[in-house]
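See structure below.
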Number of protein chains: 2
Amino acid sequence: MSDGDDVCLIRGDQGRALRALLDRIADKWTLLVIATLHDRRLRFTELQRRIPGVSQRMLSRTLAHLTRDDLVTRTSYPEVPPRVEYELTPTARTLLPHAVALADWSRHHIPDAE
Amino acid sequence: MSDGDDVCLIRGDQGRALRALLDRIADKWTLLVIATLHDRRLRFTELQRRIPGVSQRMLSRTLAHLTRDDLVTRTSYPEVPPRVEYELTPTARTLLPHAVALADWSRHHIPDAE
DNA sequence: CAGAATCCCAATTGATACTG
DNA sequence: CAGTATCAATTGGGATTCTG
């Protein structure tokens, strides 16, 4: 907790890791998708309905990236009409507390963020 | 710590706060500037030397935003040649542990982030 | 030294239409 | 239903030039 904590967010592993994370989740929709899936599996259309403003294209891309990064699992059922369900991976769930902590920090320290 | 923690990162204050924060710090240079200033006040040119690849334009813009958001203080000394020093505000310092925590999470959960 | 102004390119996002 | 394809609009960022 001391002020002297060594912060090595430049040039080191920490810096690259943080950049890799932000590159994956800091865009316009990713965190919204993760948050929307936090307590339930959802189908494509349900996700789109719960996330106001997202286009099919962006939701599709976001889910593809999340699936590739192993933060979301995609389950396709061989039915007609097709049904596909998305769900957070355990890995993604461990990220949620950090997101909440950051949101909390923001509400306390950034004006108009409340 | 339970799985049932209420995560309200959608539509609520939390969601807007998190978005406001990411809009301010998730770009290419902001966190690098914050990290570079974590233990010392620095002048414009020193910052540019310590952050490889940053252009004058982007460093200038980034510092202006950080100053406006009260994460960095700008002190100008009336000398010739001019001297300007930048320093983290106490507010910005409280953000650093969160950044470190996220970097740590990333190193454990994102392949190639190490 | 510390920047502001200008121009240009690349990447991100959105709107719309179409398909298995 | 769950996407993909295409194109237009917007934004982020870099290179260069100029200035108090």
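Just so it is clear: chains get the letters A, B, ... in the order the sequence lines come, proteins before strands, and each one is counted from 1. Everything numeric here is computed off the predicted structure, so don't read it as measured data.
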Could you check how far CZ of B:R83 sits from C1' of C:dA2, rounded to whole Å?
13 Å
Once you round it to whole Å, what is the distance between P of D:dG12 and CD of B:Q56?
21 Å
The single option from A:V33, A:V84, A:L71 passing side-chain contact (heavy atoms from CB on, under 4.5 Å) against A:L63
A:V33
Rounded to whole angstrom units, what separation is found between the CG atom of B:L42 and the P atom of C:dC1?
15 Å
Whole-Å distance, A:E85 CD to D:dG3 C1', equals 16 Å
Counting just side-chain N and O atoms, does B:Y86 come under 4.0 Å of either OP1 or OP2 of C:dG3?
yes
Residue mapping more 5' on DNA chain C - nearest nucleotide basis, A:R57 or A:P82:
A:R57
Could you pull out the closest heavy-atom pair between B:L59 and B:F44, with the gap in Å?
CD2-O, 3.6 Å
Please tell me which of the listed nucleotides, C:dC1, D:dG3, D:dG14, lies nearest to the side chain of B:T45?
C:dC1
Tell me whether the count of non-hydrogen atoms from other residues, nucleotides or ligands lying under 6.0 Å of CZ in A:R11 goes above 12.
no
Just to verify, which of B:R41, B:R40, B:R43 counts as forming a salt bridge (Lys or Arg N to Asp or Glu O under 4.0 Å) with B:E87?
B:R41
note: A:R41, atom CZ; D:dA2, atom P; distance rounded to Å ~ 13 Å
Value in whole Å for how far the P atom of D:dG14 lies from CG of B:D27:
10 Å
Answer yes or no: does a side-chain N or O of A:S60 lie under 4.0 Å from OP1 or OP2 of D:dG3?
no
Can you check whether A:K28 has a side-chain N or O nearer than 4.0 Å to OP1 or OP2 of D:dT11?
no
Interatomic distance, B:E46 CD vs C:dG3 P [rounded to whole Å]:
13 Å
Check every strand shown and say whether B:Y77 touches a base, only sugar-phosphate, or nothing at a heavy-atom separation below 4.0 Å.
nothing
Candidate nucleotides D:dG14, C:dA2, C:dG14, ranked by approach to the side chain of A:M58 - the nearest
C:dG14
Nearest listed nucleotide, side chain of A:F44, among C:dT13, D:dA2, C:dA2:
D:dA2
B:L59 CG to C:dC1 C1': how many Å, rounded?
13 Å
Just to be sure I understand the rule, does A:R61 reach a base, reach only the sugar-phosphate, or reach nothing, if contact means heavy atoms closer than 4.0 Å?
nothing
Using only atom types and a distance under 3.5 Å, with no angle test, would you say the side chain of A:T62 pairs donor to acceptor with the backbone of A:M58?
yes
